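One structure is given here, and the rest of the page talks about it.
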Amino acid sequence: MWTGAVWLRRMAALLFGLGCLAVAVYAFTFFAGDANLNNPFHARFVVSGWDVPGHLFGAALALLLAPLQLLTGVRRRWPRLHRLGGGVYAGAILIAAVSALSLSRHSQGGAASGSAFALLAVIWVGCTAMGIGYAIRRDFVNHRRWMFRSVALTSSAVTLRIMLGVGAAAMQWPFLPVYITAAWACWTVNLAVCELILRWPAIRAQLAARSGPSALVARG
C-alpha cells in the first residue's frame, strides 16, 4: 500500500511531466501556426534566423525527454534506451543553450533579463556536461545528482510560464518587471529546490542526530 509520501512523490512527478509536455507541445506547435507580426514574439521569430527556432526545438525536445530520463524503470530495464535518450537530451540542450545565448542579446527587458537567460544557458550546459562526464566515468551517483540539476534547469521553461501567468495575467502586474523577475527566479528557484531535495537525506539525518539526545533526556 502506498504511503502519503509515495502518493506525494507520484503526484509531483505527474505534474512535472504534464508541465513539461504542455510547454513542449506549445513550442512545437509554434512552428505550425501563422505568424502574427503584431505580436513581438512572432515578429522576432520571423526575422531571427536560426536562434528562435533552434531554441524552441532544442528546449522542447529536452522537455519531452527529461521526465522519461528520470524514470527508474526505464533506466533499469532498458539501459541502452536511457543512454540514447541521454545523448539526444544533451544534444537538444546544446542547441537550445547556444540559441539562447544569441537570443539573450535581444531579450525583452534588455540586459536585466538577457543576462539571466545567458547565465542560465551557460550553467545549463555546464550541469549537463558534468552529468555526462560522471556517467562516462561510471560514477552513477554523481551522474544522477548533476542530471537532476540539469533537469531542474530544463524545467525552468515551465516555471517561467507559471510565473508570467500568475504575475502578469492573474495578478495583472506590469509585464516588464514581472518578466525580468521571472527571468532570474525561474531557474534560481528551481535549482534551490533541487539542491534541497538532493541534500534532504543528509539534512534529515543531521536533524535526527541533534534531536536524538534531547529526545532521550525528555523521555527520561
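Remember, predicted model here, so these are calculated numbers, not experimental data.
Pairing each heavy atom of Gly58 with each of Ala96, the nearest pair is C-CB, 3.7 Å. Minimum heavy-atom separation, Gln69 to His82: NE2-O, 2.9 Å. Of all non-hydrogen atoms in Ala92 and Ala62, the two that sit nearest each other are CB-N, 4.0 Å. Here the closest non-hydrogen pair linking Ser102 and His106 is O-CD2, 3.7 Å. Contact detail for Ala116 and Trp187: the closest heavy-atom pair is O-NE1, 3.4 Å. When all heavy atoms are compared, the tightest approach of Pro67 to Gly17 is CG-CA, 4.0 Å.
Panel note: side chain Ser156, backbone Cys186; no donor-acceptor pair is recorded below 3.5 Å. Distance alone, capped at 3.5 Å, places no donor-acceptor pair between the Trp184 side chain and the Ser115 backbone.
Hydrophobic cluster membership is shared by Leu196 and Leu207, with clusters built from Ile, Leu, Val, Met, Phe, Trp and Tyr side chains linked at under 4.5 angstrom. One hydrophobic cluster holds both Val88 and Leu70 under the rule that ILVMFWY side chains link at heavy-atom gaps under 4.5 Å. Hydrophobic clustering (ILVMFWY, side-chain heavy atoms < 4.5 Å, transitive): Phe148 and Trp124 are in one cluster. Under a hydrophobic-cluster definition in which Ile, Leu, Val, Met, Phe, Trp and Tyr are linked whenever side-chain heavy atoms come within less than 4.5 Å, directly or via other members, Phe57 and Leu101 are assigned to different clusters. Hydrophobic clustering of Ile, Leu, Val, Met, Phe, Trp and Tyr side chains at less than 4.5 Å, counting indirect connections, keeps Ile132 apart from Leu61.
We find the CD1-CG distance between Ile203 and Leu198 to be 10.0 Å, quoted to the nearest 0.5 Å. Between the CG atom in Asn142 and the CZ atom in Arg144 there is a gap of 9.5 Å [rounded to 0.5 Å]. Atoms CZ and NE2, on Phe117 and His55 in that order, are 8.0 Å from each other to the nearest 0.5 Å. Put simply, CG on Leu63 and CZ on Phe28 are 9.0 Å apart, with the number rounded to the nearest 0.5 Å. Once rounded to the nearest 0.5 Å, the distance linking CG of Leu14 with CH2 of Trp7 reads 10.5 Å.
With contacts defined as side-chain heavy-atom distances shorter than 4.5 Å, the pair Tyr134/Arg145 does not qualify.
Listed by chain and number, the residues in a salt bridge (charged side-chain N to carboxylate O under 4.0 Å, His left out) with Arg149 are Glu195 (sequence neighbours excluded).
Grouping Ile, Leu, Val, Met, Phe, Trp and Tyr by side-chain contacts under 4.5 Å, direct or through others, puts Leu68 with Leu71, Val74, Trp78, Leu81.
Considering Val158, Val151, Leu21 as possible partners of Phe16, the one that fulfils the side chain to side chain contact (heavy atoms under 4.5 Å, CB included) test is Val151. Screening Leu153, Thr128, Val98 for a side chain to side chain contact (heavy atoms under 4.5 Å, CB included) with Ile93, the sole residue that qualifies is Thr128.
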Could you go through Arg80 and Arg83, starting from their C-alpha distance and side-chain angles, then the distance that decides it, and tell me whether this counts as side-chain contact (heavy atoms from CB on, under 4.5 Å)? CA-CA 5 Å; Arg80 290 185 179 179; Arg83 289 194 294 270; 3.1 Å; yes
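Taking the six-membered ring where the residue is Trp, Phe175 and Tyr179 present parallel rings, their angle staying beneath 30° rather than reaching 60°.
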Residues 159-172 side chain polar contacts: donor-acceptor under 3.5 Å, at least two apart:
| residue | atom | partner | partner atom | Å |
| --- | --- | --- | --- | --- |
| Thr159 | OG1 | Ser155 | O | 3.4 |
| Thr159 | OG1 | Asn190 | OD1 | 2.9 |
| Thr159 | OG1 | Asn190 | ND2 | 3.1 |
| Arg161 | NH1 | Ala157 | O | 2.9 |

